[in-house]
Novice: 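Sharing a structure here in structure tokens format.
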Amino acid sequence: MEQQAKQMPKTFDFKEAEGRLYAMWEREGWFKPEIAPKDAEPFVISMPPPNVTGALHLGHALFVSLEDLMTRYERMRGKAALWVPGTDHAGIATQLQVEKMLHDEGTSREQVGREEFLARTWLWKEKYGGRIEDQLRRMGASCDWDRERFTLDDGLSNAVQEVFITLYNQGLIYRGPRLVNWSPGLRTAVSDLEVEREEEPGKLYYFNYPLEGGGSIPVSTTRPETILGDTAVAVHPDDPRYQDLIGKFALVPVLNRRIPVIGDEYVDREFGTGALKVTPGHDFNDYEIGQRHNLPLINIMNKDATLNQNAGIYAGMDRFEAREKLWNDMAALGLTVKIEDINHAVPRSQRGGEIVEPMISTQWFLKIQPLADKALAAVRAGSIRIVPERFEKVYYHWLENIEDWCISRQLWWGHRIPVWYGSDGEVYVGKLPPKDRPGYTWTPEEDVLDTWFSSGLWPFSTLGWPEQTPDLRRFYPTDVMETGYDILFFWVARMIMMGLWFTDQPPFHTVYLHGLVRDKFGRKISKTLGNVIDPLDLVDQYGADPLRMTLLTGSTPGNDVNLDTSRVERNWRFVNKIWQMTNFVTQNLGDEPLESGFPAPADLDLPARWITSRLNKLVASVERLFESYQYGEAGRQIDDFLWTEFADWYIEISKYPLYQGDAQAKANTRRVLIGVLDTCLRLLHPFMPFVTEELWSFLPNRTGKPLIAASWPDGDSRYEDDAAEADMQMLIDLVRGIRNVRDEYQVEPSRKITALIVPGSSPKLFAAYEYLFARLCNVGTINLLADESSAPQQAASVSVGDVTAYLPLADFVDVSAECDRLSKERAKLTEQISRVEKQLGNEQFVARARPDVVEKERTRLAGLKASAEQIDSRIAGLCGDKT
RNA sequence: GGGCGUAUAGCUCAAUUGGCAGAGCGCGGUCCUUACAAGACCGAUGUUAUAGGUUCAAGUCCUAUUACGCCCACCA
């Protein structure tokens, strides 16, 4: 029976292996939930769909790392793991890209027309739509591509229509002219969420509003052109300065339109002049005032933000041009007072960046309150949990103050609203127009739905809803929604609302929110800053595993990640390190077949008892950390265990039994080496799937299955052994002490030295494990001494607890140097001892601290005191009256 | 204006229910020891932002302050 199936290459050729392994996983169907037993509990994540024409950025790399980790972990735990991938049509973003392409071709969307434009967009989607998917594959995403969805697929479009029609029939969707945020460049309405307010330098214009019959009221504005749409001047009703004017009339400058002076408590007497021009057609506050006072609405703008005929002589001018012209004309009339430089918040479109204009427009709205109430209740009741918890507060606040959602967009790329207008103005809501009557035609609604409307259905629409498909029955509700906190409102809240409304179930039980990926200085990544990090460059350079490991170990839930690419390089070295460990283990498997699993605890030597005990604690710890979503800490612990404990200590120690032990010792050691490695590759697989899968293929593998399908390790408490850990720790400390002394005295590393050891209370330990010292700190000969009386003078000494090693380094050590060194050591101990003694001398501590904490301190004190005693007697013997 | 986050080694980050403040990178030194120089070994580096408080015990809990960042909000 051959143990070594394949010869390992010297290093991991990730460029060759990643594609091959991914293809193998996909081809063999391991990404599909059907590989689990029929009765397996499902675990489902809906992938946040990237924009269909987008390219992979670090945010995607982070979500793939996290979601793939969760999926692979649950798959290994035996669940029917399903990660549903897909892409989003991303209405505005995609349309803008295609419009830009048309512009470059010297044409425009208007010129080619709606039908042609959509055809071109679909072509664009076909061309670039596959790109992001391939990039997700390169990151190792173990999603079920057979279940991939696109938001404009027939099935999903059907779900969207179904939802719209249902909500309409429930009286929750209405259409009407309202003041909305209008994006003049995109020529569409956008929702409140799509408007970003940035504090910018601007100007506050002061002028006198002329009153009918003479006199004036001083007012100020940041947008003088809106004067043309004023329908009132408002003052505070209790303001003695202006009170008397309420009920009189003012005249709109230049236009000379007659408007009332009204009193409204909204006016802040302290701000500006204490009087306010009211433009209900172009300002949200003024709109409210207008509603209260039945003021007329005047829209002075066209869809591209040029002024319309209501602006009189300014009609046809751009809004900013008109602003200047009007102001100059007012100056000529002697109405202007001054212009003040101020900083104020300017509303800009999230997409185009242009200034958004509040404008009256006929749009479709969703009455959101009933849905929001359910969404609030679900989180409050704990049926949905948000990680980290602090975002629950943010979520509540948003939903408690939510306004109706403007769901229509004047775009072409998207789900067309399923509404038809009869030739007599009749409105019909349905997927298809009613049957034609003679002489009567139905015109379809031009508008499409906000992209987020379809995204809100994602967890169930991707599984087949509204059809009661087998997938929907088996995999809905999903489990975890993992996404960025920046789309908590845009997406997460809306999925919860829609999910609860249409399926009566929360669409997922946990929301895990990650942060933004920034550069190593914490700056936002942007083209203008020139700090763009392309994840694919990093994947090309180091492979996907190091990038994943870096993102996972560098992030905590809800916090931004500052990506330092030197960490990616370090994790690439970690990949090499575990490669080399595996190389060592597989080279030393021997020719005899080995039993699988670990030998019984009783058959293990001390180092093996130590490493298996440590391994079991690691497994338990990783499990606990995973349960609380602390993936980063889990990854670091596995890394630390493998590199520091397994490689630096156990592998080095194992060489003795492997090379010099008897057959039994060899076999046991081999089984421990393989066992630890096997377990750690499993633990590490969700973090670094490629290299672990590749390494797995070199281990003696009795199942023939790839690692992706291996079971998640269970702890085995029989291997927990605190005594072994303590003994081993003592030996490790002693080895370190000896190395330290060698280094301090600059003994050449190749020079073998002799150690004389007073083994204190552990004579058996040294009898059995003195070989460690030869291997780990190049001690050629060890003699055990009964006590310190026979210790040589010309020697350095190292004490750990009641054990002391004497190193007779005649050429290197002079007595006074050694005495200096020892007294420094002693001083350190004195300090530590006094601290612990003080602690233990405190009755309150002993009485109130947890017993195990007190016990730990006592043990520590005993150890420190024993070391101190050893050093004291050494100093007494060696240094005489020197100290 | 309201809410939230962050502040720990030169840099990037950890630290479980409060229980000896740790990694990596970088830095100094030694070594090509038969898995690994993409490595091994040794070392230096901290008033855990500031000021109080609670506690036997505080990086961790409470209060205030400062700096930076984010979210929400109708001051023209």
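Note that these values count all heavy atoms, side chains included, but never hydrogens, waters or copies made by symmetry. Letters go in sequence order (proteins before strands), and every chain restarts at 1.
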Novice: Output yes when at least one side-chain N/O atom of A:Lys524 is less than 4.0 Å from OP1 or OP2 of B:C70, else no.
Specialist: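 Answer no for this pair, as no side-chain N or O of A:Lys524 is under 4.0 Å from OP1 or OP2.
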
Novice: For a quick test of reading the model, state the closest non-hydrogen atom pair linking A:Ala250 to A:Val233 and the distance between them.
Specialist: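 So the two residues come closest at CB-CG2, 4.1 Å.
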
Novice: With a 3.5 angstrom cut-off on both distances, give the Watson-Crick or G-U wobble partner of B:U6, or none if there isn't one.
Specialist: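 B:U6 is paired with B:A67.
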
Novice: Closer than 4.0 Å, any side-chain N/O of A:Lys393 to the OP1 or OP2 of B:G3?
Specialist: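 Result: no.
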
Novice: Figure out the CZ/P separation between A:Arg292 and B:C74, and round it to whole Å.
Specialist: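 Between P of B:C74 and CZ of A:Arg292: 14 Å.
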
Novice: For the P atoms, the ones on B:G5 and on B:U60, what distance do you get once it is rounded to whole angstrom?
Specialist: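 These two P atoms come out 15 Å apart once rounded.
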
Novice: Is there a side-chain polar atom (N or O) of A:Tyr485 under 4.0 Å from OP1 or OP2 of B:G69?
Specialist: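 No, no such contact exists.
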
Novice: Answer yes or no: is there an ion pair linking A:Lys865 with A:Glu837, defined by an N-O contact shorter than 4.0 Å?
Specialist: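 Looking at A:Glu837 together with A:Lys865, the answer is yes, because their closest N to O distance falls below 4.0 Å.
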
Novice: Which value, in whole Å, describes the distance between the C1' atoms of nucleotides B:G24 and B:U66?
Specialist: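 It works out to 30 Å between them.
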
Novice: If we call it a pair only when both distances are under 3.5 Å in a Watson-Crick or G-U wobble match, what pairs with B:A23?
Specialist: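 Matched B:A23 with B:U12 under the 3.5 Å cut-off.
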
Novice: Is any side-chain nitrogen or oxygen of A:Trp643 closer than 4.0 Å to OP1 or OP2 of B:A40?
Specialist: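 The answer is yes; a side-chain N or O of A:Trp643 sits under 4.0 Å from OP1 or OP2.
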
Novice: Let me know the distance between CD of A:Glu825 and C1' of B:G43, rounded to the nearest Å.
Specialist: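 In whole Å, B:G43 C1' and A:Glu825 CD are 14 Å from each other.
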
Novice: If I take atom CZ in residue A:Arg573 and atom C1' in nucleotide B:C25, what distance separates them, rounded to the nearest angstrom?
Specialist: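 For the pair A:Arg573 CZ and B:C25 C1', the rounded distance is 8 Å.
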
Novice: Give one of base, sugar-phosphate or nothing for A:Arg850, where a contact means two heavy atoms less than 4.0 Å apart.
Specialist: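 Since a base atom lies under 4.0 Å of A:Arg850, the category is base.
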
Novice: By a 5.5 angstrom centroid cut-off and a 30 degree plane limit, is there stacking between A:Trp572 and B:A38?
Specialist: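 Base of B:A38: stacked against A:Trp572.
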
Novice: For A:Ser191 and A:Glu194, test the side chains for any donor-to-acceptor distance below 3.5 angstrom and give the result as yes or no.
Specialist: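 Present: a donor and an acceptor within the cut-off.
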
Novice: Using the rule given for side-chain hydrogen bond (donor to acceptor under 3.5 Å, both in side chains), can you reason through A:Ser628 versus A:Gln630, listing the C-alpha separation, both sets of side-chain angles and the distance that settles it, and then say yes or no?
Specialist: CA-CA 6 Å; A:Ser628 52; A:Gln630 299 180 70; 2.9 Å; yes

Novice: Does OP1 or OP2 of B:C13 have a side-chain N or O of A:Asn562 closer than 4.0 Å?
Specialist: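 Answer is yes, contact under 4.0 Å.
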
Novice: Sticking with atom C1', work out how far B:C13 lies from B:A7, rounded to a whole angstrom.
Specialist: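 13 Å, rounded to whole Å.
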
Novice: Do the side-chain N or O atoms of A:Lys655 get closer than 4.0 angstrom to the phosphate oxygens (OP1, OP2) of B:A35?
Specialist: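 Yes, A:Lys655 has a side-chain N/O under 4.0 Å of OP1/OP2 on B:A35.
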
Novice: Is A:Arg567 near enough to B:G24 that one of its side-chain N or O atoms lies under 4.0 angstrom from OP1 or OP2?
Specialist: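 False: A:Arg567 side-chain N/O out of range (4.0 Å or more) of B:G24 OP1/OP2.
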
Novice: What nucleic acid atoms does A:Glu270 come within less than 4.0 Å of, heavy atoms only: base, sugar-phosphate, or nothing?
Specialist: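 Nothing, no nucleic acid heavy atom in range.
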
Novice: Rounding to an integer number of Å, can you tell me how far A:Lys10 NZ sits from B:C36 C1'?
Specialist: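 It is 8 Å, rounded to the nearest whole Å.
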
Novice: I'd like to know if A:Arg835 and A:Glu831 make a salt bridge, using a cut-off of under 4.0 Å between side-chain N and carboxylate O.
Specialist: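 Salt bridge: no.
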
Novice: Partner of B:U54 by Watson-Crick or G-U wobble geometry, both contacts under 3.5 Å, or none?
Specialist: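 Partner of B:U54: none.
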
Novice: Can you check the distance between B:U8 and B:G3, where both ends of the measurement are the P atom (answer in whole Å)?
Specialist: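 Between the two P atoms, the distance is 25 Å.
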
Novice: Is there, by distance only and without an angle test, a donor paired with an acceptor across the side chain of A:Glu652 and the base of B:A35 below 3.5 Å?
Specialist: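 When only heavy-atom distances are counted, A:Glu652 does reach the base of B:A35 through a donor-acceptor pair under 3.5 Å.
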
Novice: Does the base of B:C20 carry an N or O that pairs as donor and acceptor with the side chain of A:Arg860 under 3.5 Å?
Specialist: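 Result: at least one qualifying N/O pair found.
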
Novice: Just call it for A:Trp649: base, sugar-phosphate, or nothing, with non-hydrogen atoms closer than 4.0 Å on any strand.
Specialist: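 No contact.
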
Novice: Taking B:U48 as the reference, what is the distance to B:A15 when you measure between their C1' atoms (whole Å, please)?
Specialist: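 The answer is 11 Å between these two C1' atoms.
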
Novice: How far does the C1' atom of B:U12 sit from the matching atom of B:G18, given to the nearest Å?
Specialist: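 Approximately 27 Å lies between the C1' atom of B:U12 and that of B:G18.
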
Novice: Under 3.5 Å for both donor-acceptor distances, Watson-Crick or wobble: does B:U45 have a partner, and if so which one?
Specialist: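 Its partner is none (no Watson-Crick or G-U wobble pair with both distances under 3.5 Å).
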
Novice: For B:A40, which nucleotide in any strand shown is its Watson-Crick or wobble partner with both distances under 3.5 Å?
Specialist: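 Because both required distances fall under 3.5 Å, B:A40 counts as paired with B:U30.
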
Novice: Contact class for A:Tyr659 vs. all strands (heavy atom < 4.0 Å): base, sugar-phosphate, or nothing?
Specialist: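 Contact class for A:Tyr659: sugar-phosphate only.
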
Novice: Using OP1 and OP2 only, check whether a side-chain N or O of A:Arg636 sits under 4.0 Å from B:G24.
Specialist: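 Answer no for this pair, as no side-chain N or O of A:Arg636 is under 4.0 Å from OP1 or OP2.
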
Novice: Can you tell me whether the side chain of A:Lys577 and the base of B:C36 have a donor-acceptor pair closer than 3.5 Å?
Specialist: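 Result: at least one qualifying N/O pair found.
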
Novice: For B:A38, take OP1 and OP2 only and decide whether either is under 4.0 Å from a side-chain N or O of A:Thr11.
Specialist: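 No, A:Thr11 has no side-chain N/O under 4.0 Å of OP1/OP2 on B:A38.
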
Novice: Expressed as a whole number of Å, how far does the C1' atom of B:G2 sit from that of B:C20?
Specialist: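 Rounded to whole Å, the distance is 42 Å.
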
Novice: Looking at A:Glu633 and A:Arg624, is there a salt bridge between them, counting it only when a charged N and a carboxylate O are closer than 4.0 Å?
Specialist: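 Not counted as a salt bridge, because no side-chain N and carboxylate O are separated by less than 4.0 Å.
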
Novice: Taking the nucleotide of RNA chain B with the closest heavy atom to each, which residue, A:Lys828 or A:Glu569, is nearer the 5' end?
Specialist: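 Between the two, 5'-proximity favours A:Glu569.
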
Novice: Is any side-chain N of the basic residue among A:Glu857 and A:Arg860 closer than 4.0 Å to the acidic one's carboxylate O?
Specialist: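 Looking at A:Glu857 and A:Arg860, the cut-off is met.
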
Novice: Check whether any side-chain nitrogen or oxygen of A:Arg742 sits under 4.0 Å from OP1 or OP2 of B:C42, and answer yes or no.
Specialist: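 A:Arg742 to B:C42 OP1/OP2: no side-chain N or O under 4.0 Å.
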
Novice: Can you check whether A:Asn576 has a side-chain N or O nearer than 4.0 Å to OP1 or OP2 of B:G39?
Specialist: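 For B:G39, OP1/OP2 do not have a side-chain N/O of A:Asn576 under 4.0 Å.
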
Novice: Report the residue (A:Asp648 or A:Gly522) whose heavy-atom-nearest nucleotide on RNA chain B is the more 5′ of the two.
Specialist: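 Whichever sits nearer the 5' end wins; that is A:Gly522.
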
Novice: Would you mind telling me which of A:Asp286, A:Asp283, A:Asp230 makes a salt bridge (Lys or Arg N to Asp or Glu O under 4.0 Å) with A:Arg223?
Specialist: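 By the salt bridge (Lys or Arg N to Asp or Glu O under 4.0 Å) criterion, A:Arg223 pairs with just one of A:Asp286, A:Asp283, A:Asp230: A:Asp283.
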
Novice: Whom does B:G59 pair with, Watson-Crick or G-U wobble, provided both distances fall under 3.5 Å?
Specialist: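 Partner of B:G59: none.
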
Novice: Given the C1' atoms of B:A37 and B:G69, what is the spacing between them in whole Å?
Specialist: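 Going atom to atom, C1' in each nucleotide, I get 42 Å.
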
